[in-house]
Amino acid sequence: VPELRNGSRTSSRHAVQVQLLGGCEEILTLSAQQAVRLGALAIDINFGCPAPIINRRDGGATLLKYPDRIESIVSAIRKNLPGHIPVSAKLRLGWDDCDAIFENAKRVENAGAAWMTIHARTRAQGYARPVIRMSNTFIAPDGMKFEEMLAELKDGIYLKGSRGGQVNPGEGVFQFNAERGFMVENG
């Protein structure tokens, strides 16, 4: 990773993190340790790549079918790196349907990841552009509990600690910054 020779920054000074891809916990852990020794400031594990050549070799989105393995890989890497080095994970909604995201996201969080990035597509959808709909909603306090609001929500994204964003529906682009984000599906 050439950026490691430059303080984990690109030539234009943007910070980068090392992203690892694979399915072998031991090799991924050793690779993360080596990347940190070489100067990586953060480690990201890619459980989202839909490329058939990667999936056939037990990497990327293939792991979405195995929440236990996702948790074990993230946990092993987290436990074997210095505490100040963040470990994150990239996920998709699931292998061929969206239901897996809830379990996989919970496993990544339980394993100690600092954050996760979620592609708003399944592996089966590949690199297709997501359908973007956006509305900004303010919910005034009215005594309704948070769980009750979620139960009434059909589909959406719940942002915690929102820091703004932008949308371009024509291009299929939705970008936002937040402390944490959660996809809500069927309440």
Side-chain angles (χ1 to χ4, degrees), residues 1 16-32 35 42-81 86-134 147 150-151 153-160 165 167-169 171-187:
V1 182
V16 295
Q17 60 190 39
V18 172
Q19 186 177 82
L20 303 176
L21 182 66
C24 178
E25 180 180 313
E26 183 179 349
I27 292 172
L28 288 168
T29 300
L30 291 171
S31 297
I43 300 293
D44 184 60
I45 309 146
N46 185 338
F47 299 117
C49 181
I53 193 166
I54 301 298
N55 295 164
R56 282 192 304 269
R57 289 173 173 80
D58 195 37
T62 294
L63 281 290
L64 296 172
K65 299 183 285 185
Y66 309 103
D68 290 339
R69 289 182 64 202
I70 287 174
E71 184 172 10
S72 182
I73 289 168
V74 174
S75 180
I77 292 171
R78 173 65 278 149
K79 287 176 184 169
N80 285 285
L81 294 182
V87 175
S88 63
K90 179 165 65 172
L91 302 169
R92 282 181 175 259
L93 298 180
W95 178 255
D96 54 10
D97 67 52
C98 299
D99 293 336
I101 189 58
F102 300 107
E103 181 67 20
N104 287 329
K106 184 170 80 174
R107 297 299 188 99
V108 167
E109 183 178 24
N110 290 346
W115 67 83
M116 67 187 87
T117 303
I118 302 172
H119 282 280
R121 297 176 294 286
T122 63
R123 189 275 324 157
Q125 292 170 315
Y127 296 104
R129 291 181 182 260
V131 175
I132 303 296
R133 296 176 307 237
M134 184 174 179
E147 292 78 16
L150 283 181
L153 183 65
K154 184 160 175 94
D155 295 302
I157 298 173
Y158 168 62
L159 299 179
K160 194 172 183 179
V167 65
N168 183 339
E171 292 292 318
V173 174
F174 174 56
Q175 297 174 327
F176 62 91
N177 292 307
E179 263 180 52
R180 303 191 100 181
F182 303 89
M183 187 180 90
V184 178
E185 189 174 89
N186 297 322

Exercise. Do W115 and V87 come close enough that some side-chain heavy atom pair is under 4.5 Å?
Worked result: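 Side chain of W115 against side chain of V87, heavy atoms only: no contact under 4.5 Å found.
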
Exercise. Do E71 and V74 touch side chain to side chain, with heavy atoms closer than 4.5 Å?
Worked result: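 No, too far: nothing below the 4.5 Å cut-off.
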
Exercise. Would R92 and I118 count as a side-chain contact (heavy atoms from CB on, under 4.5 Å) if you check the C-alpha gap in whole Å, the side-chain angles of each, and the deciding distance to 0.1 Å?
Worked result: CA-CA 5 Å; R92 282 181 175 259; I118 302 172; over 6 Å; no

Going by the rule side chain to side chain contact (heavy atoms under 4.5 Å, CB included), which residues pair with [X] if we only count those two or more places apart in sequence or in a different chain?
| X | result |
| --- | --- |
| R69 | D58, L63, Y66 |
| A124 | D96, T122 |
| A100 | N104 |
| D97 | D99 |

Measure the [atom1]-[atom2] distance between [X] and [Y] for me, rounded to the nearest 0.5 Å.
| X | Y | atom1 | atom2 | result |
| --- | --- | --- | --- | --- |
| M116 | K90 | CE | NZ | 14.5 Å |
| L91 | I70 | CG | CD1 | 6.0 Å |
| C98 | R121 | SG | CZ | 11.5 Å |
| N110 | S75 | CG | OG | 9.5 Å |

For this session: Could I get the full list of salt bridge (Lys or Arg N to Asp or Glu O under 4.0 Å) partners for K106, not counting sequence neighbours?
Result: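 Per chain and number, K106 pairs via salt bridge (Lys or Arg N to Asp or Glu O under 4.0 Å) with E103.
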
Problem set entry | Least distance between heavy atoms, P50 atom then N55 atom | O-OD1, 3.2 Å

For this session: Could you tell me which non-hydrogen atom of A89 sits nearest to which non-hydrogen atom of V108, and how far apart they are?
Result: CB-CG1, 3.8 Å

For this session: Carefully, step by step, assess I54 and R57 under the rule side-chain contact (heavy atoms from CB on, under 4.5 Å).
Result: CA-CA 5 Å; I54 301 298; R57 289 173 173 80; over 6 Å; no

For this session: Just do the side-chain contact (heavy atoms from CB on, under 4.5 Å) check on D68 and R107 with the steps written out, would you?
Result: CA-CA 7 Å; D68 290 339; R107 297 299 188 99; 2.4 Å; yes

Show which side-chain atoms of residues 17-30 pair as donor or acceptor with protein atoms under 3.5 Å away, not counting sequence neighbours.
{"from": "Q17", "atom 1": "NE2", "to": "S88", "atom 2": "OG", "distance (Å)": "3.2"}
{"from": "Q19", "atom 1": "OE1", "to": "N46", "atom 2": "ND2", "distance (Å)": "3.1"}
{"from": "Q19", "atom 1": "NE2", "to": "D44", "atom 2": "OD2", "distance (Å)": "2.7"}
{"from": "E25", "atom 1": "OE1", "to": "S72", "atom 2": "OG", "distance (Å)": "2.4"}
{"from": "T29", "atom 1": "OG1", "to": "E25", "atom 2": "O", "distance (Å)": "2.8"}

Exercise. F47 and T62: side-chain contact (heavy atoms from CB on, under 4.5 Å), yes or no, with the steps?
Worked result: CA-CA 7 Å; F47 299 117; T62 294; over 6 Å; no

